[in-house]
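What follows is a set of notes on a single structure, which appears directly below.
First listed ligand is number 1; within each ligand, the first listed atom is number 1.
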Amino acid sequence: MNVDDTVEAIKSMEIRGAGRIARAGAEAIGGMAASGKWDGIGAMRKDVLSAKEKIIGSRPTAVSLLNGVQFTLKGFDECKDVGEAKALLIGNSEAFVRASNEAVSIIGKIGSRRIKDGAVIMTHCNSSAALECIKEAHRSGKRIKVYATESRPWRQGIITVNELAKEGIDVTLIIDSAVRSVMKRVDIVMVGADTITSNGAVINKIGTSQLALAANESHVPFVVCGETYKISPQTLFGDTVTIEERDTGEIVRDGEIPGTVKVFNPVFDSTPARYIDGIVTEVGIVSPGSVYEIMIRQFGEQIFN
Ligand code: RI2
């Protein structure tokens, strides 16, 4: 898919999920390098940097998209000619996609160990990282039951229940407002992440923080599953995470309400670190308080430049 088609597909949520959009962004840059023709490195640099801005602007909340594109562009500034730059971008893009898919598989293996035989799990939206933990627990023979929230307005929960049912997992769909009532039946909550801030807060699908509140009230462990490229170094220096607001048409049909009525449709919320019992990453299960250490280890000292 070329850059413009990728941007459109991410904006429209044809491609969705923080991990998937990161891989799509990296592949778009790699594809551009493979098929593009430039007379000199200057012209190539101009096109690639313009493509970068378009891609990272397509969904502002998931830092995974920015990190995936930046990983792909690592070393690009030092390239001397088009041939060297093409090889670098193609190689970095393929390396990111491989590492990203591998990270989800590792998270599944690590996170599944936090799921006991006979456990009842609640999940929200449709997170490939969280679902990999649940599927891996099932594959290892654990008898589990899952409550999946509908996750209005986009109803990604429908994708989740289809995915889990296909694996033969016992799954029940609930509406978002049933979360607190159902929580008393739940042994562990496992959700994904769009962005993990340097102080261990987690930005995820709207409603996640309500699951965390209800879990905390019922003393149910609340576990986030997220690859380290969802950590945002920018938040270390006080940057805030933009919470994307989407079209009102996702919530109401034309003519359903008077034009004077406003509709507020934020699609993510922030869960404070104090409500998070653990973050399952591909480098292990970490407490929200140790995200800073992981950030330095994974991103290196260059984040201070
Ligand atoms: P994975 C999704 O956002 C959900 O918020 C999900 O929890 C998060 O991305 C992470 O998904 P959207 O794209 O990377 O549905 O774990 O708005 O698949």
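Classified by interplanar angle (parallel below 30°, tilted 30° to 60°, perpendicular above 60°), the ring pair F96/Y229 is perpendicular.
Among protein heavy atoms, the minimum distance from atom 6 (C) of ligand 1 is reached at N204 OD1, 3.5 Å. For atom 17 (O) of ligand 1, the closest non-hydrogen atom of the protein is K205 NZ, 2.6 Å. Protein heavy atom nearest atom 11 (O) of ligand 1, with residue, atom name and distance: A18 N, 3.5 Å. When only non-hydrogen protein atoms are considered, atom 8 (C) of ligand 1 lies nearest to D194 OD1, 3.3 Å.
On a distance-only criterion, S127 and ligand 1 share at least one N/O pair closer than 3.5 Å. Inclusion of C125 in the set of residues having an N or O under 3.5 Å from an N or O of ligand 1 is not warranted. By the 3.5 Å distance cut-off applied to N or O atoms, A130 is not counted among the residues near ligand 1. In terms of polar-atom proximity, defined here as any N/O pair under 3.5 Å, G17 does make such a contact with ligand 1.
Against a heavy-atom cut-off of under 4.0 Å, K230 is close to the following atoms of ligand 1: 1 (P), 14 (O), 16 (O). The M13 neighbourhood of ligand 1 comprises atoms 17 (O), with distances under 4.0 Å to a heavy atom of that residue. For ligand 1, the atoms sitting less than 4.0 Å from at least one non-hydrogen atom of A129 are 16 (O), numbered in the order shown with element in parentheses.
Here atom 15 (O) of ligand 1 lies nearest to R16 when heavy atoms of R16, R23, E244 are compared. One option in G192, S128, S100 has a heavy atom closer to atom 1 (P) of ligand 1 than any other, and that option is S128.
A heavy-atom distance below 4.5 Å is found between the side chains of L73 and K52. The closest side-chain heavy-atom distance from T197 to V202 is not below 4.5 Å. Side chains of I169 and K145 form no contact here, defined as non-hydrogen atoms less than 4.5 Å apart. Side-chain atoms of M44 and F76, non-hydrogen and from C-beta on, do get closer than 4.5 Å to each other. Side-chain contact between D187 and V220 is absent, with no heavy atoms from C-beta onward closer than 4.5 Å.
Screening V161, T149, L131 against T123 for a side chain to side chain contact (heavy atoms under 4.5 Å, CB included) leaves a single residue, L131.
Residue A193 touches ligand 1 through its backbone alone, judged by heavy-atom distances below 4.0 Å. Within the 4.0 Å heavy-atom criterion, the part of F268 lying near ligand 1 is the side chain and not the backbone. Counting heavy atoms under 4.0 Å from ligand 1, residue Q156 touches it through the side chain alone.
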Scan the side chains in residues 278-292 for donor-acceptor partners under 3.5 Å anywhere in the protein, sequence neighbours excluded, and list what turns up.
from, atom 1, to, atom 2, distance (Å)
T281, OG1, V283, N, 3.0
T281, OG1, G284, N, 3.3
T281, OG1, G284, O, 2.8
E282, OE1, T228, N, 2.9
E282, OE2, T228, N, 3.4
E282, OE2, T228, OG1, 2.6
S287, OG, G289, N, 3.4
S287, OG, S290, N, 3.4
S287, OG, S290, OG, 3.2
S290, OG, S287, N, 3.3
S290, OG, S287, O, 2.9

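Checked against a 6.0 Å centroid threshold, the rings of F222 and Y275 do not count as neighbours.
The list of side-chain hydrogen bond (donor to acceptor under 3.5 Å, both in side chains) pairs with a residue in residues 103-117, not counting sequence neighbours, reads D117-R143.
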